[in-house]
4 protein chains.
Amino acid sequence: MPLNNIVYFILMNTFGNLFRLTSFGESHGLGVGGVIDGFPAGVKIDFDFLQQELNRRRPGQSLLTTPRKELDKVEILSGVYNGVSTGCPIGFLVRNENQHSSDYDNIAQLFRPSHADYTYYKKYGIRDYRGGGRSSARETITRCVGGAFAKMVLRSKGIVVTAYTSQVGHLSLDRNYLEYDFSEIEKNPVRCPDAVKAEEFISLIQEVKAEGDTIGGVITCVIQGCPVGLGEPVFGKLHAALGAAMLSINAVKGFEYGSGFSGVLERGSQQNDAFVLDEQGNIRTRTNRSGGIQGGISNGEDIYFRVAFKPVATLLKEQDTVKVDGNPTTLTARGRHDACVLPRAVPIVEAMAAMTILDYILLAQSSKC
Amino acid sequence: MPLNNIVYFILMNTFGNLFRLTSFGESHGLGVGGVIDGFPAGVKIDFDFLQQELNRRRPGQSLLTTPRKELDKVEILSGVYNGVSTGCPIGFLVRNENQHSSDYDNIAQLFRPSHADYTYYKKYGIRDYRGGGRSSARETITRCVGGAFAKMVLRSKGIVVTAYTSQVGHLSLDRNYLEYDFSEIEKNPVRCPDAVKAEEFISLIQEVKAEGDTIGGVITCVIQGCPVGLGEPVFGKLHAALGAAMLSINAVKGFEYGSGFSGVLERGSQQNDAFVLDEQGNIRTRTNRSGGIQGGISNGEDIYFRVAFKPVATLLKEQDTVKVDGNPTTLTARGRHDACVLPRAVPIVEAMAAMTILDYILLAQSSKC
Amino acid sequence: MPLNNIVYFILMNTFGNLFRLTSFGESHGLGVGGVIDGFPAGVKIDFDFLQQELNRRRPGQSLLTTPRKELDKVEILSGVYNGVSTGCPIGFLVRNENQHSSDYDNIAQLFRPSHADYTYYKKYGIRDYRGGGRSSARETITRCVGGAFAKMVLRSKGIVVTAYTSQVGHLSLDRNYLEYDFSEIEKNPVRCPDAVKAEEFISLIQEVKAEGDTIGGVITCVIQGCPVGLGEPVFGKLHAALGAAMLSINAVKGFEYGSGFSGVLERGSQQNDAFVLDEQGNIRTRTNRSGGIQGGISNGEDIYFRVAFKPVATLLKEQDTVKVDGNPTTLTARGRHDACVLPRAVPIVEAMAAMTILDYILLAQSSKC
Amino acid sequence: MPLNNIVYFILMNTFGNLFRLTSFGESHGLGVGGVIDGFPAGVKIDFDFLQQELNRRRPGQSLLTTPRKELDKVEILSGVYNGVSTGCPIGFLVRNENQHSSDYDNIAQLFRPSHADYTYYKKYGIRDYRGGGRSSARETITRCVGGAFAKMVLRSKGIVVTAYTSQVGHLSLDRNYLEYDFSEIEKNPVRCPDAVKAEEFISLIQEVKAEGDTIGGVITCVIQGCPVGLGEPVFGKLHAALGAAMLSINAVKGFEYGSGFSGVLERGSQQNDAFVLDEQGNIRTRTNRSGGIQGGISNGEDIYFRVAFKPVATLLKEQDTVKVDGNPTTLTARGRHDACVLPRAVPIVEAMAAMTILDYILLAQSSKC
C-alpha cells in the first residue's frame, strides 16, 4: 500500500470551468481569500450586498450560532474600478481576527473523532491543530464572496437562488417549497420559511446544545428563472455539477434533486412529468418531479434539491479517541462551537449554487456559433 | 432571457483529471467508443475480463432486461502491444447492431415525458429521435470499458469495487453490507446479495412490467482496500468526485455516502466515529458512519455510498405530452425497454467508482516530492 | 533523482479548451483516430473538403514525399446525422494500411539519433520500434481531421487560414506575404506561393535526397479575417496558444509572430504600429509588425507567424548510435522517408491554427453577459 | 462578425496543471497577488531568497531601468506554518506603492501604439488607462513569486534554471552558453555573463535611451540537472509548454529551443545528435542540438532556449495615433519607463521556466503505478 506513508499536498483549490473561484487561507493564519476569474466586465458591484452575504454566514449572529465574533470584512484587491468590474480577476482578502489558539491546546496531541485531523496528518505529514487549519469552516467565507458576485449577474438575468433549513434532526417541513413565502426565511435565526416549524427547530437545537451535543439536518435549495439549455449531457450534467458543488461543502453527506430518493417508491407512471402548453403557448411540464433538469439539461422549470448535513463533529461531551502517537485517550471539547451548522450553511449552499449556474451559463454561451 | 432560442452544442465528453475517458457515439449511429488517457504502461490487459464487464451491462441478459440482443463486442484500436499497455491512449469502438429504428417512428414528432428529448431539442436545435441519440443508455458502454481498465489497475493494488441492488421500489435490504456474501450478487438477475430479497425484487419488477409500468430503486456501492490519503480537501473532496460521477449516470436522482440522509436523525455523539487502535497497532475507527472519508480524504476504512435511480421514463402506458409543434397528443410507447434499470446499472456504478478512485490515486501520486 | 528509472505513461492527448481534439493511435497499430468535442450543432459537413485536407498531408502525393501510399480514408463514427452536425462529439477513425514492419527490423535493437526512441523507452519502459509508434507522423492525421472541421466553421465567419513553405535550408522567400497570390501555393509540390522559388526549393530537396540526407525549413502561416478580441490577456495570450499549438507538431524547433526575432534589430520607433483611421472610419494600424495581436488579444489585422522545422531525423547515411543494451553501433536507415517534411507539414500548421482560433472564438463567446 | 462590438472579460488567469499560479492585480490598484496551488508540504520556505528574486525584477535597481522605486514587499497570507509549507494553497499579496497616476493623464483619451490599450478597450468595453492596468508589467511580480517557490523545490532536486541577456539590438553574444561563467551574470546591470559584451550592451541601451527611443533583444535560458522523462509526447511536449510559458510574458515575439531557426540551415546529418556512452556508462548525446528534448520529452541533457523581446512600446518620441473617439492625434510619452526590458525580464524568464519544469515533474510523478 504505497500511499500510506508519504507526504502529499493539496491540489485543486479552484472551483468552476469558466467562472472560477480559487481560494486560500486557514482558520488561524492571517486570513482567507481568493481570486474570482471569469467575472464579466461592466457590472456595477453592490458592496453592501456582498458584505451582507458574508454577514449571513458569520458566527455570532444569533444565539443559535457560536458566540465567536468575527467581523469578516472583505477587502477587494483588484478587478473593480470606479465601482464597476473591469473584466480582470477579482482578488479579495478577509483577515482573521479573534483567534483563541489556546482554545485548541487540548487537541494539539490527539485526533478529534470525525474531523479531518487524522486524514490531513496522514496525507500531509503536518499537524496544524489550530481550529482545523484549511479544513476549518472559515474556508467557506471565500465561497460566500464568490457566490455574492455570481448572484449579482444572476439577478440581472432574473435568476434567483433561495435556500432554507427544511429539516433539523427528526423534525422536517411537510410542505412543498411552492407553498412557502421565502421572505420569511431571514426572519428567524434558523432560516426556515415556516415560522411555526422554525420555533420547533430552534427549541430542538437549544435542547441538544444544552446537552453538549450536536445535530444535523437538511437544507433545501430552489433556483428560479433558469433558462432552458444549461447543462452538458453526458459527464457534465447540470445536477452532477450542482451535486459536486454541494458535496464539497464541509459536513455534507448527501444530495438529491427533484423527487430524489423518495421517487424510487413510485412507478414511472406516477413519476413522469407530462408536457403541456401553458397559457402563453410555451411548453411546460404539468408536474416537476424532474426538478427542472431532464437529461442533464435545465428545462426551464424550477430547479430544486436537498442537501444533508451531518451533526457537527465537535462535542462538549467526552469521546474516545487516540493521540497522535497512537495511545488511547478521551476528548471533551472546549471552545465556542455551533451545535447545528444549518443556519449558517444556508448562504453557503446558495453561494455554491449561484457559482455553478453562472459557470454553466458561460459554458452555454460559448457555443453560440 | 437570451438563452432560450439559440442552438448550443455539447461540451465536455471527457471524464477525469489524470485518468480520463473521452467518449463518443449515439444509439443508432455506427457505434459508441472512446479514448482512455492516462492508463499506465506495462499493464497486462485482461481482454476476457473486459468483455465480461460489458456483458454485465448488456441488454437481453435475463428476463428482467429488455430483450434487445446487443453483442457489444469491443475493438481495441490503440495503446496495447503484445497484450500489454504501452502508455499511449487506448482508443476503442463498439459497433451498434440490431437497430430497430422503426420502433421509434411513433415518437419522431413528439417529446417523450421525462426524457431528454425536449431539452436536447431546445439546446441543439436538432431532433434525433432514434433511441435517444446521445442520451441513450448505449453511451454507458464506454463507461464500462473505462471502468474495466481502471479495475485492472485497482485489483493489482488490492482495491475492490462492488455494487449491488439494495432497493427496488418500496422493498429494500435491511442489513449492513458487511453481513452479505458478495459472491451471491452475480447469481441472480437483479444483482442482489440477499437471495431471498432478490426473489422479492424480481417478482415486483415482473409485476410492474406486466402493467406496462416501470420502477426505480437504489444501488449500494462499497470500495474496499482503499489507502489513506485519496481526496483533495476543499473543492475536490473524494466524495464530491464520487457523487459527480454517480450523478452523471442517466436516471440517477440522488447520492449519499456513509450515514447519508439518515445520519441527520441522530446526535453528534451517536454519529461520530471514535478512533481506536486495532490489533496490529493501526489507527482505525470503531464505527464507520463517515463512510471511509473524513474531511474529503479517504481514511482507510471501507468507502460506501448509495445511488437513487428513478423509474425508467419509457412506459407502455398512455401518457399526455406535446408534439414538436406544441400541439397536445398522447404517447403509448412501443419497442423493447427495461422495466427497471437497476440490474444493468450495477456494473455502471462500479465502473464510474473505479475510474474515480484510479484518477485520485494518480492525483495523490503526483504530489510525492 | 527519482525520475530516472521508472515507468511513466502518457497524459494529455487532448488539445483545446472548449473546442477539443482528443487523439489516439500508432503508426503500426490498427489505425489513428480521435474525438472532436465542442463542435457546433447544425453545421453542414463538407466530406469532400475533409478528405481533401487529409490528402494534402498524405505521403506519396508527389515525388518530393515518401513513396509510401496511404489512402487515409476517414470514417466518421458519430456526431453527424443526415450530413449535419448534431452537437454531439464526433468520433472518427483512419485505419492504417501499407505497413512494412520489416522496414524497421534493423532499428529494433537501437536508438535512432534525434528520434523519440530513447526518451519514450526511458519514460514508458516499453520499446515499440515499428515506425515510431505514437511518435510517428501518422498522429498528425488526427490534427488534419480536427483542423478540417474547424475550418468549416471559420470559413462561415470569413476567417481564412493559409500556410506555405517560405524557406528550405538556406533558400528563402524575400517578399512579404501580401505580395503573393495564395492560389499559387497548391500548384507546386513544395507548397510555395512563388513559382520561381518553388523550383529552387524543389531542386534543393532533390539534391539533398540524392545524398541520402535531409533538410529543414520554415513555414509561414497567415490568418485573415479574424475579429478583434480573441485572446486572454495574461497566461492565455493568443500568440502563446498559437505557439504551443505549433511547437506540439513533430520536428518544430521555433515559433515567432509579427516581426519576431528580427524585430529586435530595430528601435521602438521603427517597430511600433501607429493607429490610423481607414476610409471606412475604422481604427487600424498603419503597419502590422505586431502580427495582428497586441497585449495577447487580436486587433483585427492579419495574424501571421513563422514556424521552424528541423531536418528529418531519419537519414540514409551512416550514423553513430547505441543499442538498447548500451553498446555502440551504427545505423544506416532503410525504408521510405521524406527528405523534407515541409510540403506535408503545411496542412498540419493550418489545422493547428484553425483549431486554436475556433477554440478562442468559443472562449470569447462565453463571456457575452 | 458578431465578435466586434461586444464586451468580453478575462478568462484564465491560472497557469499550470498540477503546480498552479493564479494571479490578480493591476498596476494602479491596491496591489498584485496570487495563489500558488500544488506546492508540496514540508518544504522549508526561504523568505530571503523569495524577496531577492522579487528584487531582481524590481524597477529602480540600476541606471538601466526605470527610476520608479517600488519596494515590492511580498506578504505570505497562507499555506506556511512555522516557516514550513503545509500543503495548503499559498496566498500572497504585494501592495502597490509610488503610483503617479498623473503620469498617465496625457494618455487617458488615446490609444498608445503597440500597447494593449486598444484591444483591451474593444474586448472589455472599459478604459483603465492608469499604467496599463492588468496589461502592466507589475503583473509579472506574481510570476516571480511563483517561480521563487518552484525554484526552492527544484534546487533540492539539483535542477538549476539560469537566464541571461544574450542579445541587445544588433549586438549579440557569440559563444555557446557552456563557455560562460554564470556567476558573472548578476555582476552587471544588463545580466550578461560576458563582462565585455555587457559594457557594449549597456552603452547601446544608454544611447538609445538618450534618443528617447527603446530597444529589444534576446534572453537565453538554460535548465541544468533535469531528469529524463519530463514531457507529454503529443500535445503537451515539454518545449511546447516552455514556449507557451515564454510567449505569455509581455513583449515576447519569438521562442526557439535547441538549434532553433538556425538549425534549418543545416542538413540532417549535421543536426542529428549521435548517441554515445559516457565514462559512467550512461547513454548521452555527443552533441545537443536537440536542446535536451527529443520527441517532446527531456533526455537528460541541458535544456536551452532563446526568447525574443520586442523594443518597449512606450517612447519619449512623438508618434501618430488616434484618440478613443477615433480622431487622429500625436503622443509623446512622459513618465518613467525602461528603454530596454531585458535586464528585468531575465528573472521572469527563469520564473516561468521553473514553474513549468516543476509542473511537469508533478505530472510525471502522477504516473508511477
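In what follows, chains are A, B, ... by sequence order, proteins preceding strands, each numbered from 1.
Put simply, the side chain of A/Lys237 does not reach to within 4.5 Å of the side chain of B/Ile249, judged on heavy atoms.
The candidate with the highest count of non-hydrogen atom pairs below 4.5 Å against chain B, out of A/Pro328, A/Gly258, A/Gly326, A/Gly263, is A/Gly326. Annotation: maximal heavy-atom pairing with chain B below 4.5 Å, among A/Gly260, A/Ser23, A/Ala244, A/Ser269, occurs at A/Ser269. Taking A/Gly254, A/Gly296, A/Ala274 one by one and counting their heavy-atom pairs under 4.5 Å with chain B, the maximum is reached by A/Gly254. Among the candidates A/Gly216, A/Gly268, A/Gly295, the residue making the largest number of heavy-atom pairs closer than 4.5 Å to chain B is A/Gly268. When B/Glu211, B/His115, B/Arg286 are compared by the number of non-hydrogen pairs under 4.5 Å with chain A, B/Arg286 comes out ahead. Looking only at heavy-atom pairs under 4.5 Å with chain A, the residue among B/Gly243, B/Ala313, B/Ser298 that has the most is B/Ala313. Residue with the most contacts toward chain B among A/Gln271, A/Gln270, A/Arg143: A/Arg143 (heavy-atom pairs, distance under 4.5 Å). Interface remark: of the candidates A/Ile215, A/Ile283, A/Leu21, A/Leu331, A/Ile283 forms the most heavy-atom pairs closer than 4.5 Å to chain B.
For a residue to count as touching a neighbouring chain, one of its non-hydrogen atoms must lie under 4.5 Å from one of that chain's; by this rule B/Asp320 touches chain A with backbone and side chain alike. The contact between A/Met352 and chain B is made entirely by side chain atoms (from C-beta outward), counting heavy-atom distances below 4.5 Å. A/Gln319 touches chain B through its side chain: at least one heavy atom from C-beta onward sits under 4.5 Å away, while N, CA, C and O do not. For A/Phe309, the part lying under 4.5 angstrom from a heavy atom of chain B is the backbone only. Both the backbone and the side chain of A/Leu265 come within less than 4.5 Å of a heavy atom in chain B. Proximity to chain B (any heavy atom under 4.5 Å) is shown, for A/Tyr121, by neither the backbone nor the side chain. Proximity to chain A is limited to the backbone of B/Val312, based on heavy atoms less than 4.5 angstrom apart. Only the backbone of A/Val276 comes within less than 4.5 Å of a heavy atom of chain B; no side-chain atom from C-beta onward does. A/Leu204 touches chain B through its side chain: at least one heavy atom from C-beta onward sits under 4.5 Å away, while N, CA, C and O do not.
For the atom pair CZ (A/Phe235) and OG1 (B/Thr22), the distance works out to 8.0 Å, reported to the nearest 0.5 Å. A distance of 7.0 Å separates CZ in B/Phe275 from CZ in A/Phe111, rounded to the nearest 0.5 Å.
The minimum heavy-atom distance between B/His239 and A/Leu247, with the atom names listed, is NE2-O, 2.9 Å. B/Phe261 approaches A/Val307 most closely through the heavy-atom pair CE2-C, 4.5 Å. The heavy-atom pair separating A/Val264 from B/Val218 by the smallest distance is CG2-CG2, 4.4 Å. Considering every non-hydrogen atom in both B/Ala240 and A/Ser248, the closest pair reads CB-N, 4.0 Å.
For the pairing with B/Ser114, the side-chain contact (heavy atoms from CB on, under 4.5 Å) check across A/Asp273, A/Asn299, A/Thr287 returns one residue only, A/Asp273.
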Stepwise side chain to side chain contact (heavy atoms under 4.5 Å, CB included) check, A/Val234 with B/Glu139: CA-CA 8 Å; A/Val234 180; B/Glu139 169 264 315; 3.4 Å; yes
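Judged purely by atom type and a 3.5 angstrom limit, B/Thr119 uses its side chain to pair as donor or acceptor with the backbone of A/Gln294. Panel note: side chain B/Lys123, backbone A/Pro233; no donor-acceptor pair is recorded below 3.5 Å. A/Lys122 places no side-chain N or O within 3.5 Å of a backbone atom of B/Gly229 that could act as its donor or acceptor partner.
A search for side chain to side chain contact (heavy atoms under 4.5 Å, CB included) contacts involving A/Lys253 returns A/Lys310, B/Tyr257, B/Ser259, not counting sequence neighbours. With sequence neighbours left out, the side-chain hydrogen bond (donor to acceptor under 3.5 Å, both in side chains) criterion links A/Gln167 to A/Arg306.
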